[in-house]
Amino acid sequence: MKKLINDIESVVPDALRGLAAAHPELRVDEESRIVLRAAGPRPGKVGLVSGGGSGHEPLHTGFVGYGMLDAACPGEVFTSPVPHQMIEATTAVNGGAGVLHIVKNYTGDVLNFQMTAELSAEENIEVAAVLVDDDVAVHNSIHTAGRRGTGATVFVEKIAGALAEAGAPLREVLRVAEEVNARSRSFGIGLSSCTTPAVGKPTFDLGDAEIELGIGIHGEPGRTRAAMRPARDLARIAMDALHDDLPISGDTLVMVNGMGGTPLIELYIVFAEVVDYLAEKGARAARSLVGNYTTSLDMQGFSITTCRLDDRLTRLWDAPVETPALRWGRLT
Amino acid sequence: MKKLINDIESVVPDALRGLAAAHPELRVDEESRIVLRAAGPRPGKVGLVSGGGSGHEPLHTGFVGYGMLDAACPGEVFTSPVPHQMIEATTAVNGGAGVLHIVKNYTGDVLNFQMTAELSAEENIEVAAVLVDDDVAVHNSIHTAGRRGTGATVFVEKIAGALAEAGAPLREVLRVAEEVNARSRSFGIGLSSCTTPAVGKPTFDLGDAEIELGIGIHGEPGRTRAAMRPARDLARIAMDALHDDLPISGDTLVMVNGMGGTPLIELYIVFAEVVDYLAEKGARAARSLVGNYTTSLDMQGFSITTCRLDDRLTRLWDAPVETPALRWGRLT
Amino acid sequence: MNAAFFASWIEEIIRTVHVERDRLTRLDAAVGDADHGANLDRGFAAVAPVLAAKQPDTTGALLKQVGDTLIRNVGGASGPLYGMAFREMGKVLGDTPDVSVAELCTALRAGLAGIQKLGAAVEGDKTLVDALIPAIRALEQAVRDGVKQQEAIAAAAAAALAGAEATIPMLARKGRASYLGPRSVGHEDPGAASTALIFAALNTVATR
Amino acid sequence: MNAAFFASWIEEIIRTVHVERDRLTRLDAAVGDADHGANLDRGFAAVAPVLAAKQPDTTGALLKQVGDTLIRNVGGASGPLYGMAFREMGKVLGDTPDVSVAELCTALRAGLAGIQKLGAAVEGDKTLVDALIPAIRALEQAVRDGVKQQEAIAAAAAAALAGAEATIPMLARKGRASYLGPRSVGHEDPGAASTALIFAALNTVATR
Ligand SMILES: Nc1ncnc2c1ncn2[C@@H]1O[C@H](COP(=O)(O)OP(=O)(O)O)[C@@H](O)[C@H]1O
Ligand SMILES: Nc1ncnc2c1ncn2[C@@H]1O[C@H](COP(=O)(O)OP(=O)(O)O)[C@@H](O)[C@H]1O
Ligand SMILES: [Mg+2]
Ligand SMILES: [Mg+2]
Ligand SMILES: [Mg+2]
Ligand SMILES: [Mg+2]
């Protein structure tokens, strides 16, 4: 394993130290492992807190800032954060209008956020939680842990963040978050596994011409292994999976997300194919993100997330945002 | 080789198609392979054109937009663009105040830009060129091709772009570009080689615990091979190389740049070490970029670029910019 | 089984989880995200200094402390689950000076209930529950059979181990392994393996 | 050597560059950026349709066309260098109906001058110049010796090949290979190898 780390035990705090130095507009509590806006909570604004395992950067720490999150709680690599982090973040961002927890659907995240919600109630902070579960590779069923939360988290954080910034009350912010999640679907394809610092070798092995279809964002193997194909066919496999689950039509918000080890030039190639696919279905990529947003350490591959837009969601998507990883349209 | 491509011959045009679809604020001429601002040239504003081989994304195409480049000319992967592209871009961005060519110091780039300048003169367009040569891994000498142009290109494009946007004449824009280059130094470390689509396997092989010191951005091997070390030591090797060449002091603009295959979390770890190093030297990272800015396809590794700031350069760095890969502070 | 006995149990868990860390992580690499060993080792390693500092004098306080420390330090799915289990056991045992096997059964049942309340896993879902329930059943059977404490605990440890091994052919329906669908078949559940370790540690202490 | 002869030469270059593409790229992988074969193949492949469309009727027009097409399509260092060389040769040969070996020498000297004006490489810098200069010298010697055209060209091809091989022990001082410093030693320069190919193609056509 060749990684730019000092010690497998100190990966997260060392990275937080760098994040803090690079972004004076954030307040990074390295001890408690929470990342906040330096400006602190705005009275009367709903606070947005997300969190999850590290290794998905820029998710979530890179999305803290004006128009998006108020706090992020990074756990150990691929391990959900713990309740004491989250309760501290929740308390810190509470401006009196309650706090929305944005939770990706993984047992660990769900359980730890659930404990946090109980603790928050004890502290008289009104907390609501939205569960993001957009990954169609996992079949949803009451007999399973349900779909994973992946790329749609970025959409939920951006759009709910914009509404919170506009001063909407908690139940409306929750509602729009749930709506974005309901309209969003993701599917990922891995060309390689990833290597966690703790393990030091790839979580799974893939042959020279093999890929994994339906990967998650933790180096989990996918649902099936398949032969490598041209970008056009891979984009089509992913889009078909999304379309089968929720037919694609109209103005669509599209993210072609790199898993961490894939160059941007390749993501643009995939995006071009996605645009063609959408056109076939009479839809179009009205808004888009192409780049590394929800990564899985050094994994090579991509995921596609789509979200059917309406006028209101488009306006909220377009609203100013100023975070390390997403920024546009902010008045200075 | 597993790459998200359709055909090794169509990598650049396919990616440009994706870029065009993702960024309506750009005008992408896929035929001529030039990327322009959709708004076109502003009369009286100096035009900024850069270009170079593809495979370094977001450089240069991702830096076209308000406050930075007017046009980028992407060549084939790792191959400088050709004069007919550049002359077309030069003509397209000329607002009557002349055009600055930002050229990374590689024989191919230099020769092709030189031919373009001759053609521009025939068309009565005033053209000046700045040669970026910041990479201290290569010893500068009149007996060699000289230092390579790497990360400092981002600084030159941003700062010269800001001055051009402010309406400065060509000779001033050229002067600030040369000044930024003179104040900037870079050094890169590769943990892996990269694989060009045309070759289909890594340009060079590295052992499990080996790294290359002093790599360029084209998968060239570095100056020396060394044993893998913790991030702290690698950051120090790079910073020592920069400091030996041009002592570091005062307010410094720092970029910790990923080579394409390195996760963001690791780049933040390196940046934290850089900040410590600067403190030792009585300097500080007054401004910074941490992320993938000047990549080398899927190479794992990083480069560090420093530039000594003064008040004027800091102001120009802070000036609004709105491009796919760099954006801040723009009034909407 | 007095507070010192339980303290020895926890120490033995700390030790064996550390020793078996890589094996647990390897199991998790096959069906999950390759962190179970690291998670538990981080959590139990944090327990030692906490106990040294607080020196809880009742079994209840001890186990609650262990549970809280796991919740604070593990994260993931296993942190809240094991944390809650130790907390619930602590609540049941309170200041009981000398815990009988029957009382231990009651405490473990409470721990299991905590786990199921949080995670809603039932037997056969391929989780740590598949090691825990057989262990509790074996202990309860031993109480009914009136066998000696040491023998009862040995039976529980054997049942936990068998339960963990029995997860190999199962199709996961809870936790990350469930994402794999049929590909989860053929691998031992890492949480079940760590539960077996925890009972093996109990057995080690009981046979001292 | 009439215009048809030069057209055959260009066709033969197009063919051999395509065949040797991977070898040239491999040489470039060792000391450069692994694109020399792809660059030249892209450039010369573009020449064929251009010539088919324009059918230049003089050697000068033909070679200028080749040079322009290389400049338009190759990029990199080799595009302008080879492009300029063919253009300069075309300028010298103009509408000469039947080019003598001596005239070819003059044209090649002009091509070399174009290359050196652009790239400033001298012999020993480990570039294509190290294959080109020996080839020209061999040709000039052959003229002085009054040998037959075919023999003269064979000598030039052999000299180019030897020149290319002689770059192996050299330390690069121009182009990307120069970044490697001492590590450039021990590898053949890709541009010198492609220059040797171009002279080999000339020889093939001359011996038909
Ligand atoms: N809903 C659940 N109920 C009981 N146990 C569960 C549940 N979900 C997961 N587990 C257990 O947790 C183990 C994984 O723990 P760990 O790897 O530490 O957490 P994570 O899955 O968050 O990475 C699984 O092997 C399984 O035994
Ligand atoms: N300054 C120069 N003068 C002459 N030839 C040069 C010079 N620089 C590079 N070359 C030649 O160009 C060859 C490389 O061509 P190519 O790989 O196509 O371009 P690039 O180096 O831009 O990738 C080198 O092997 C060398 O022979
Ligand atoms: Mg985990
Ligand atoms: Mg090249
Ligand atoms: Mg796990
Ligand atoms: Mg080359």
Side-chain angles (χ1 to χ4, degrees), chain B residues 8-9 33 51-53 55 73-86 106-116 135 137-139 141-148 193-204 212 214-225 296, chain D residues 21-22 24-26 28-43 45-46 67-84 87 114-115 117-122 124-127 171-184 187 191:
Chain B
I8 57 170
E9 305 297 334
R33 300 198 181 174
C73 304
E76 281 295 321
V77 172
F78 292 172
T79 301
S80 25
V82 297
H84 86 269
Q85 261 173 292
M86 298 178 181
Y106 298 100
T107 306
D109 293 45
V110 170
L111 296 184
N112 284 283
F113 267 108
Q114 193 174 312
M115 288 192 156
T116 307
D135 183 354
V138 174
H139 296 294
S141 148
I142 49 161
H143 302 299
T144 70
R147 277 177 173 152
R148 295 177 288 220
S193 177
C194 62
T195 300
T196 64
V199 176
K201 56 183 176 48
T203 305
F204 58 86
E212 284 278 338
I215 47 146
I217 57 172
H218 301 87
E220 316 92 309
R223 277 239 145 195
T224 45
R225 194 159 281 202
S296 189
Chain D
R21 169 191 169 120
D22 289 349
L24 294 176
T25 290
R26 260 199 317 277
D28 200 25
V31 292
D33 59 348
D35 62 359
H36 188 57
N39 287 349
L40 287 193
D41 191 27
R42 182 174 60 249
D68 285 343
T69 308
L70 293 180
I71 292 171
R72 274 188 94 84
N73 290 282
V74 174
S78 57
L81 292 169
Y82 276 128
M84 187 61 90
R87 276 178 60 102
I115 286 172
K117 183 166 165 257
L118 273 180
V122 296
D125 281 353
K126 193 173 181 121
T127 70
L171 185 113
R173 282 191 296 255
K174 283 284 176 287
R176 286 180 196 287
S178 68
Y179 305 142
L180 287 179
R183 292 173 85 186
S184 66
H187 301 280

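Each chain gets a letter, A, B and so on, in the order its sequence line appears, and its residues count up from 1.
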Check each atom of [X] against the heavy atoms of chain B and say whether the ones under 4.5 Å are side chain, backbone, both or neither.
| X | answer |
| --- | --- |
| D:Ala120 | neither |
| D:Val74 | backbone |
| D:Arg72 | both |
| D:Asp22 | neither |

Which one of [options] has the most heavy-atom pairs closer than 4.5 Å to chain B?
| options | result |
| --- | --- |
| D:Pro182, D:Ala77, D:Gly76, D:Ala29 | D:Gly76 |
| D:Arg183, D:Arg26, D:Arg21, D:Arg176 | D:Arg183 |
| D:Gly175, D:Gly37, D:Ala38, D:Gly79 | D:Gly175 |

So how far is it from [X] [atom1] to [Y] [atom2], rounded to the nearest 0.5 Å?
| X | Y | atom1 | atom2 | result |
| --- | --- | --- | --- | --- |
| D:Asn39 | B:Ser80 | CG | OG | 8.0 Å |
| D:Ser184 | B:Glu220 | OG | CD | 13.0 Å |
| B:Leu111 | D:Met84 | CG | CE | 9.0 Å |
| B:Phe78 | D:Asp35 | CZ | CG | 9.0 Å |
| D:Ile71 | B:His84 | CD1 | NE2 | 12.0 Å |
| D:Asp33 | B:Thr79 | CG | OG1 | 6.0 Å |

Which one of B:Val199, B:Ile8, B:Asn112, B:Asp135 has the most heavy-atom pairs closer than 4.5 Å to chain D?
B:Asn112
Identify which part of [X] has an atom lying under 4.5 Å from any heavy atom of chain D, answering side chain, backbone, both or neither.
| X | result |
| --- | --- |
| B:Pro81 | backbone |
| B:Tyr106 | both |
| B:Thr224 | backbone |
| B:Val138 | side chain |
| B:Glu9 | side chain |

Determine the minimum heavy-atom distance between D:Ala30 and B:Pro221, stating which atoms define it.
O-CG, 4.2 Å
For the student: nearest non-hydrogen atoms of D:Leu180 and B:Arg223, plus distance:
C-NH2, 4.5 Å
Using the test ring-ring contact (aromatic ring centres under 6.0 Å, His included), find all partners of D:Tyr82 that sit at least two apart in sequence or belong to another chain.
none
Sequence neighbours left out, what passes salt bridge (Lys or Arg N to Asp or Glu O under 4.0 Å) with B:Arg33? Give chain and number order.
B:Glu76
